[in-house]
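What follows is a single structure, written as structure tokens, with notes after it.
When reading the values below, keep in mind they use all heavy atoms of this one structure, side chains included, and skip hydrogens, waters and symmetry mates. Naming convention: chains lettered A, B, ... in sequence-line order (proteins, then strands); numbering from 1 in each chain. Bear in mind the structure is a predicted one, so any value in this text is a computation, not a measurement.
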Amino acid sequence: MRNVLTADSQCGLLDSVLDTPVSESSWTERPSSLRVGRRANPTRHSSVVRLVHDSGGIPYPVGDVVALDVETDGNKVHKGHRIFCFAYKSNLGERGFLRASKASFAWALRLFGDASKTIVMHNMKFEFHMFMAEGIPIFDYFEKGAKCHDTMMMSKVLNSTGWDHDLRHCAKAYLGRRTEDKDEIKLWLKENNKVKYIRARNGRKLTFKDAPNEVVQNRVMWDVDATLDLYYFFKPRVDATCPTLYETERELVYVCADMEQHGVRIDITRAKTLREQALKDIERIRADIRYLLGDLEVPRSKKNKRTGVREEIIEIVEEMSPASNAHLVAAFKKMGIELKYKTKPKKDKRTGVMKGGGSWAFDEYAMIRYVSPPIVRIIRDGGEDGWPAEKFYEEIHVAIEEHDLDPREMLPPLIIKWRELSKMVSTYYDNFIEDCVDIEVGPDGNEYGILHCKFNQAEAMTGRFSSSEPNLQNIPRIMGPRECFVTRKGRLNWHLDFSQVEMRMFVHFSRDEHMAAAIDKDIHLYVATRIYKKPESEVTKEQRKRAKGTGFGILYGSGAETQAETLTKKGLPTTVGESTKIVAAFHREFPSIKRLTNSLKAELARKGYIENPFGRRYYIPTKFGYKGLNYMCQGTPADLIKAAMVKIWKFIRATGSRVKMLMQVHDELVLEVPPVEVYKVIPATIQMMEDRVSYFVPITVDAEVTRRRWSEKQDPTDLGFVFNN
DNA sequence: CTGAGAAGCCC
DNA sequence: GTACGGGCTTCTCAGT
């Protein structure tokens with residue numbers, strides 16, 4: 001195994017670092033609770049790997065560029081995971097490996113506060129969280145001019161359409177590093193986690209912290225080494241192509257870190273109540289289905305290991321699972337429903353290659369086609385309005401009776417409801433209940449907690465954020481989950497959203513005068529008047545819906561077939577012939593769109609990429625040129641809101657405001673505001689988000705406010721707030 | 001234990 | 001000839 005600490009030492013400073021004696025006490029200060037795979041006395045191999053000890057006198061780097069990386073016992077700071085060691089390497093070749101201790105954090109404090117240093121990290125938001133948990137005031141230092149750089153964000157802005165911006169991929173792609181060394185620690189964990197008695201002894205899975213010193217050191221030194229080299233690789237390229245975009249993303253890391261750290265407040269009791277209710281409903285549906293179906297005979301195929309021949313085994317299933325395709329096939333067959341619809345192959349996101357498809361389909365659209373109109377109507381209405389299970393249930397029974405339908409028609413709607421409910425439980429309620437921290441009991445006796453999610457800056461190709469662990473960007477608009485999101489005590493949550501922003505971008509890039517004139521009214525209605533050549537008063541609701549669907553379809557680059565399918569799925573039965581006509585009419589009325597698409601394709605062919613107004617480049621393979629329009633219309637608002645977030649965050653901090661940013665949902669920003677600050681902050685914020693001059697149509701912001709629950713979002717004027725711009 | 005496929009939630 | 005944009009999570013199943 002290569003020892004990174006003693007390899008290629010380039011200067012005397014390094015030697016002085018390495019010669020620092022390892023004190024016995026520094027190791028006993030924070031003894032690991034574990035001795036797994038570790039030598040009893042680490043000092044014994046200090047002749048092999050010499051350490052910068054953590055008992056004071058840690059050498060401070062002379063080099064002005066310092067790469068930093070931490071190792072932790074988990075990746076959730078709010079769950080108590082902490083740094084157990086970290087490492088650095090400077091541009092002068094100085095390196096060090098530090099165990100977590102008062103002294104080493106004091107060292108880090110000095111470094112982060114040192115405006116003469118450039119600190120380089122890969123995914124620095126993580127380091128920020130971890131060092132802030134140790135008391136290092138990262139945000140204050142930002143304001144005092146400390147410069148932290150993030151090679152992950154550099155990678156992202158240089159290649160927004162790339163997927164992998166983690167250290168492993170960057171080091172491999174840009175530095176030609178071999179990644180086997182980096183994986184050593186993972187392999188160690190994998191091996192040792194397999195050993196049951198080791199896990200049993202500790203009562204938990206092993207983490208990086210449990211790995212032997214050498215393994216940890218090799219890993220963290222590999223990381224800082226790669227990070228530093230990546231910085232020098234990326235820096236000139238960023239400076240040459242997109243310095244402003246990078247600066248926004250870099251500063252935005254602080255904003256995201258702040259949002260993630262603050263978190264949103266959850267009414268845990270409400271989540272528990274809703275969960276219980278959903279489970280009750282599920283139980284009832286389960287019983288009904290059981291009554292309908294009885295036992296199911298489900299064929300299973302297994303390959304014989306020896307012969308390689310497929311064997312069919314019949315499994316008797318008493319309780320079917322609505323998520324199991326095999327169960328559904330058996331259930332439909334038993335009900336005597338002839339299976340008709342198969343799943344379609346889907347494009348692999350990365351390669352664009354068609355994958356999958358060919359199984360029997362049981363998604364909602366397929367289900368709807370198996371039942372008669374009264375049931376379809378209930379499924380549709382119930383879905384749109386978010387009926388409680390009880391009502392849904394009643395309606396189905398009534399419909400069966402009134403229309404004298406075959407009771408077997410109950411199966412599809414019951415499955416749909418079952419899936420919907422279990423989705424609510426496992427994706428939303430369960431996570432709300434389990435992931436909350438800082439739990440407290442409110443004056444109403446309810447339990448409240450804080451939910452921290454991740455906002456990822458380097459995931460979406462267009463430049464949007466994504467959210468995960470848990471994802472706060474896909475909370476259902478109807479039904480229970482939004483009831484669980486509550487304001488903090490003495491705060492209002494303000495939801496500021498860009499109005500019709502994708503459509504506005506559409507108009508901006510196409511320079512369509514007529515659409516521009518209608519954008520502040522009802523754009524979809526206007527499009528309908530043009531497509532159908534009718535005055536507004538004669539446009540039906542359906543026609544408007546079709547026009548709206550067509551607008552989005554074109555924005556997404558879709559053809560007539562998909563349009564027809566999408567509209568039909570949405571309850572507007574449309575043939576391919578009809579949709580072809582509508583799409584043609586759209587292009588006839590708004591020829592600027594075709595021109596725009598073509599010019600973007602031409603730009604792509606010429607340069608190999610297209611670039612949005614913020615300098616974000618999309619390297620799109622030519623065959624995916626149809627995506628260009630969408631990337632521009634989706635990516636531009638993404639950068640617009642990112643820039644606004646940085647401005648707003650700086651404003652909040654500069655004015656000593658107590659406003660906090662809570663979350664971002666693509667075209668919407670949620671701020672937590674003390675009532676006394678509403679007039680000071682909200683108009684200013686809206687102004688920072690809006691842009692009434694740079695675009696062909698003004699970019700405007702709508703505000704809504706929640707006093708208590710997200711599900712009860714209101715118009716601010718209804719609460720007595722009046723803004724006159 | 002992992003990966004693929006299906007489903008379903010958001011903008 | 002080509003075809004609906006961008007995300008995340010959960011569940012099941014089959015083969016490792």
Side-chain angles (χ1 to χ4, degrees), chain A residues 160-161 163 190 193-194 298 300-305 308 310 315 320-328 342-349 352 354-367 383 415-416 419-428 430-431 453-456 459-479 481-482 497-498 500-502 549-550 552-567 569 583 618 620 622-635 637-638 641 663-668:
Chain A
S160 195
T161 36
W163 283 275
K190 203 175 171 183
N193 269 326
K194 273 187 195 162
V298 181
R300 295 279 175 208
S301 78
K302 254 181 196 168
K303 219 188 228 171
N304 189 307
K305 270 184 194 165
R310 247 165 211 279
E315 188 189 343
M320 74 163 295
S321 163
S324 165
N325 222 280
H327 290 190
L328 285 162
K342 295 216 170 170
T343 57
K344 286 185 176 173
K346 278 185 295 193
K347 265 185 304 180
D348 181 271
K349 283 274 185 253
M354 292 301 215
K355 289 175 74 182
S359 351
W360 293 113
F362 296 99
D363 60 356
E364 184 175 318
Y365 182 54
M367 296 291 210
I415 301 273
I416 287 174
R419 276 201 300 234
E420 179 187 295
L421 291 166
S422 54
K423 170 119 191 152
M424 293 302 141
V425 172
S426 54
T427 306
Y428 300 107
D430 279 352
N431 287 335
C453 83
K454 280 170 69 180
F455 288 99
N456 315 302
E459 294 298 326
M461 295 188 302
T462 54
R464 274 187 174 182
F465 274 92
S466 80
S467 165
S468 57
E469 303 173 56
N471 180 358
L472 290 193
Q473 290 178 325
N474 72 343
I475 308 299
R477 314 169 59 172
I478 55 170
M479 306 206 31
R482 289 194 184 198
D497 74 291
F498 286 117
Q500 310 254 41
V501 71
E502 285 183 341
T550 307
F552 277 103
I554 287 168
L555 189 66
Y556 293 158
S558 62
E561 289 86 354
T562 346
Q563 293 262 356
E565 201 181 309
T566 310
L567 289 170
K569 281 186 184 178
V583 171
Y618 304 108
I620 307 171
T622 323
K623 60 175 172 174
F624 294 137
Y626 69 93
K627 292 185 178 183
L629 174 63
N630 179 255
Y631 281 21
M632 293 296 274
C633 293
Q634 185 178 115
I641 198 167
M663 47 199 256
Q664 191 258 32
V665 192
H666 311 306
D667 59 357
E668 173 184 6

Between atom [atom1] in [X] and atom [atom2] in [N], what is the gap in whole Å?
X	N	atom1	atom2	result
A/Leu555	C/dC4	CG	P	14 Å
A/Ile554	C/dA3	CD1	C1'	13 Å
A/His327	C/dC11	NE2	P	15 Å
A/Asp348	C/dG6	CG	P	11 Å
A/Met663	C/dC8	CE	P	16 Å
A/Phe455	C/dC8	CZ	P	13 Å
A/Leu629	C/dG6	CG	C1'	14 Å

* For A/Ser422 and C/dC11, is the shortest distance between a side-chain N/O and OP1 or OP2 below 4.0 Å? -> no
* Phosphate oxygens OP1/OP2 of C/dC8: is one of them under 4.0 Å from a side-chain N or O of A/Ser466? -> yes
* Start with the C-alpha distance between A/Glu565 and A/Lys344, add both sets of side-chain angles, then the distance that settles salt bridge (Lys or Arg N to Asp or Glu O under 4.0 Å), and finish with yes or no. => CA-CA 12 Å; A/Glu565 201 181 309; A/Lys344 286 185 176 173; 2.6 Å; yes
Counting any heavy atom closer than 4.0 Å, what does [X] reach on the DNA or RNA strands: base, sugar-phosphate only, or nothing?
X	result
A/Glu561	base
A/Gln563	nothing
A/Lys623	nothing

* Structure fact -> Sequence neighbours excluded, the answer for ring pair (Phe, Tyr, Trp, His ring centres under 6.0 Å) partners of A/Phe455 is none
* Asked: Considering heavy-atom distances to DNA chain C, does A/Trp163 or A/Ser301 have its closest nucleotide positioned more toward the 5' end?
  -> A/Trp163
* To do: Please determine if A/Lys349 and A/Glu459 form a salt bridge, counting it only when a charged side-chain N lies under 4.0 Å from a carboxylate O.
  => no
* Distance (rounded to the nearest 0.5 Å) between A/Ile416 CD1 and A/Leu421 CG -> 12.0 Å
* To do: Carefully, step by step, assess A/Phe498 and A/Ile641 under the rule side-chain contact (heavy atoms from CB on, under 4.5 Å).
  => CA-CA 9 Å; A/Phe498 286 117; A/Ile641 198 167; 3.6 Å; yes
* To do: Might you work through the side-chain contact (heavy atoms from CB on, under 4.5 Å) test for A/Gln473 and A/Arg464, ending with a clear yes or no?
  => CA-CA 11 Å; A/Gln473 290 178 325; A/Arg464 274 187 174 182; over 6 Å; no
* Structure fact -> Each nucleotide of nucleotides 4-11 of chain B classed B (base within 4.0 Å of a protein heavy atom), S (only sugar-phosphate) or -, in 5' to 3' order, makes -SSSBBSB
* C/dC4 base to A/Thr562 side chain: any donor-acceptor pair below 3.5 Å? -> no
* Does A/Ser467 make a side-chain donor-acceptor contact with the base of C/dC8, cut-off 3.5 Å? -> no
* To do: Just compare C/dT12, C/dT9, C/dG6 and give me whichever is closest to any side-chain atom of A/Glu469.
  => C/dT9
* Structure fact -> Per atom distances to the A/Lys349 side chain, the nearest of C/dG7, C/dT9, C/dC4 is C/dG7
* To do: Can you spot which of A/Ser467, A/Ser466, A/Ser468 makes a side chain to side chain contact (heavy atoms under 4.5 Å, CB included) with A/Lys454?
  => A/Ser468
